[in-house]
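One structure is given here, and the rest of the page talks about it.
Values below: all heavy atoms of this structure, side chains included; hydrogens, waters and symmetry mates excluded.
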Amino acid sequence: MTLLKWPRRHSQAQEEESQLLQLFNSLNEVVLLLDKQHQVQFVNQYWEVITGIPVEQTLGRMFSDFLHPEEIPSWSQLLNKITPSQHENIWFRLISASGELRWCEMRIQSVNKDQPYPLSATLCDITPQVRNEEVRHASHRSLQSLVDRLPAMLYRSRNNASWSMEYVSEGCELITGYSAESMLNQSQVSLGSIIHPDDATRVWDDVQQALETISPFDIHYRLTRADGTEVSVQDKGRGLYSGSGMVLGVEGILLLTGKS
């Protein structure tokens, strides 16, 4: 009787295995199983969606075979850190069948709690997010480069008598003779300290009036440069406000209009 029942149990096991495989293949992320030699023992079909490499051409190969060469040291370092009681996360680049690089995030851990191998891992394709971030960084770098090349000083300051700077563009040195770093947070010199004494009170009053009426300001005054010479500048700006209307600071642009 036992022999007669065995094929039925075997058939049931095959059916359960088939259902489990179907489940893995329905996921929109890669599922991997790596042995002690870090060879791929199992990978679901989503691997082929990301890399274009068929599953049958992946099984039995070292996972590092699919990594960008620059990622291999980080991969080796990660493997040395893994213990049965914890998981690790890593970002890396895969090389697809077409040669395209795919950024991925992997979560990897031991299958068993009492021994390091085999390893199970899930892998998500984050290439679109990384590309968007790269585009944003590139746009920011391009904009910053443009700002730094302008013959003007863009600034953001606190609304105090010193006009303590929280941001100053590289054009600061052209206008004032001081580097941007020396003026940030009033570390060495403040804008307020180099406004001509005969103009300082008027500048303060005009800015405060604009802040009270939530209006932009356009002021002409004199500055004393680092070398002691005087220059005339045009300061165009506006206030920064909180949601409740509190003045948080001032931002604007200084343009050189003349030298003494």
Qualifying residue for side-chain contact (heavy atoms from CB on, under 4.5 Å) with Leu123, from Ile108, Val31, Leu94: Leu94
Trace of the side chain to side chain contact (heavy atoms under 4.5 Å, CB included) decision for Gln109 with Leu119: CA-CA 6 Å; Gln109 58 276 311; Leu119 298 171; over 6 Å; no
Just how far is it from atom CD of Glu166 to atom CZ of Arg158, taken to the nearest 0.5 Å? 5.0 Å
Euclidean distance, Gln77 CD relative to Glu71 CD, rounded to 0.5 Å: 12.0 Å
Do the charged groups of Arg202 and Asp205 touch, with an N to O distance under 4.0 Å? no
Indicate whether any N or O donor in one side chain lies under 3.5 Å from an N or O acceptor in the other, for Ser162 and Asn160. no
Neighbour count above 12 (heavy atom, 6.0 Å) for Gln208 CD: yes
Under 6.0 Å between ring centres, would you say that holds for Phe42 and Phe24? yes
Using a strict cut-off of less than 4.0 Å between a Lys/Arg side-chain nitrogen and an Asp/Glu carboxylate oxygen, indicate whether Arg225 and Glu230 qualify as a salt bridge. no
May I ask you to say whether Arg107 pairs ionically with Glu88, meaning some side-chain N is under 4.0 Å from a carboxylate O? no
Can you tell me how far the CZ atom of Arg222 sits from the OG1 atom of Thr257, to the nearest 0.5 Å? 11.5 Å
Check whether any side-chain heavy atom of Glu105 lies under 4.5 Å from a side-chain heavy atom of Asn89, and answer yes or no. yes
Heavy-atom donor-acceptor pair, Thr127 side chain to Trp103 backbone, under 3.5 Å: yes
pair Met183-Glu181: side-chain heavy atoms closer than 4.5 Å: no
Side chains of Asn112 and Ser110, donor plus acceptor under 3.5 Å: no
Output the distance between atom CG (Leu32) and atom OG (Ser120), rounded to the nearest 0.5 Å. 9.5 Å
Is there side-chain contact between Met106 and Phe92, with at least one heavy-atom pair below 4.5 Å? yes
Polar contact flag, side-chain donor to acceptor under 3.5 angstrom, Trp47-Thr58: yes
So, Asp206 versus Tyr221: side-chain donor-acceptor pair below 3.5 Å or not? no
